[in-house]
Amino acid sequence: MLNKTKTHIEEVARFHSDKADEIEAFRIKYLSKKGGIVTDLFAAFKDVPAEDKKEFGQVLNQLKDAVSAKIEELKANLKSGDTKPEGLDMTLPADGAFMGSRHPVSLVMNEISEIFTRLGYTISEGPEIEDDWHVFSALNFPPEHPARDMQDTFFIERNPEILLRTHTSSVQVRVMDGAKPPIRTISPGRVFRNEAISARAHCIFHQLEGLYIDENVSFADLKQTLLYFAEEFFGKGTQIRLRPSFFPFTEPSAEMDVSCTLCGGKGCNVCKHSGWLEVLGCGMVDPNVLQNCGIDSEKYTGFAFGLGMERLAMLKYGVHDLRLFFENDLRFLRQFR
Ligand code: PHE
């Protein structure tokens, strides 16, 4: 019986399984109250001659402990096996999550939008595929105006009525149409012009145009609004200068320059030694435009302005080639994190 018990100890040591039902069968085989090997051996203990009892007792306890330890060990393996497949080292450091960044044009758009929403402007959007009325006719473009020309405008399927908008003034026409002033809105968005692609021009770019219509809106209001914008966007102390210009939809019209953001007006390569940078077009909304949109031009006046967002991003971040904004080169984009 002693030898049999020792054989069982060896058997137990050799046993291995990673299956729960096999481990349970092993437990029953040895420890079951009815017919378990260990149970039966304990029952037989009383018949062992007194002089052998000590040794047999020790070996029997050894067997019992070995069985319990084996069951515990195998069950522990089972549990951790659920979460730790072989060959996977849970102590390795994790890969860092890849963080994206906002596109510089989006950064500029968000910043300008914030500046004008602080002044009470709403943000309006409109379609990129437009009709002649919203892009040109309502805005007082004469029928023979060169901006309607094939060389500037992308027409859809050679239909002169349907085209890709060349500016977001079209959105302002939609906002004005049938609305009752006061109107205070900005319209950021993508525009299209049939231009050769270069470091300074692209056939797709982004504009942000602003419109303010109410009773007694004057050129002084326009000037003050633009000065506020320039100081918020380029920094306190930035100066502005307005030069007479022409747009069909504004009268009078002006181009606005800001004091050079790099040299502060002393003259450098970026401002071509003039001390000034051209940033936007603006003017008082032409009464014809108000009438075209159903707004009483005797009662209301307004101003409008429009700027190119890539141009402002170039000035703000010191980017020298406009094409970089469209190439989605990660080495460029990652600099704006
Ligand atoms: N729409 C003009 C452009 O695309 C910009 C502009 C807007 C000028 C409003 C004056 C007033 O160039």
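For the single chain, residues carry numbers from 1 onward in sequence order. As the structure lists them, so they are numbered: ligands from 1, and atoms in each ligand from 1.
Around ligand 1, the residues contributing at least one heavy atom under 4.0 Å from the ligand are His167, Ser169, Arg193, Gln207, Glu209, Phe247, Phe249, Thr250, Gly281, Cys282, Ala304, Phe305, Gly306.
A centroid separation of less than 6.0 Å is found between the aromatic rings of Phe116 and Phe229. Checked against a 6.0 Å centroid threshold, the rings of His167 and Phe249 count as neighbours. Aromatic rings of Phe205 and Phe326 (six-membered ring for Trp) have centroids beyond the 6.0 Å cut-off, not under it.
Taken from CZ in Arg190 to OG1 in Thr168, the straight-line distance is 13.0 Å, to the nearest 0.5 Å.
Salt-bridge formation is not detected for the pair Glu72/Lys75: no Lys NZ or Arg NE/NH1/NH2 atom is positioned less than 4.0 Å from an Asp or Glu carboxylate oxygen.
In summary, the side chains of Arg148 and Ser137 do present a donor paired with an acceptor at a separation below 3.5 Å, with no hydrogens or angles considered.
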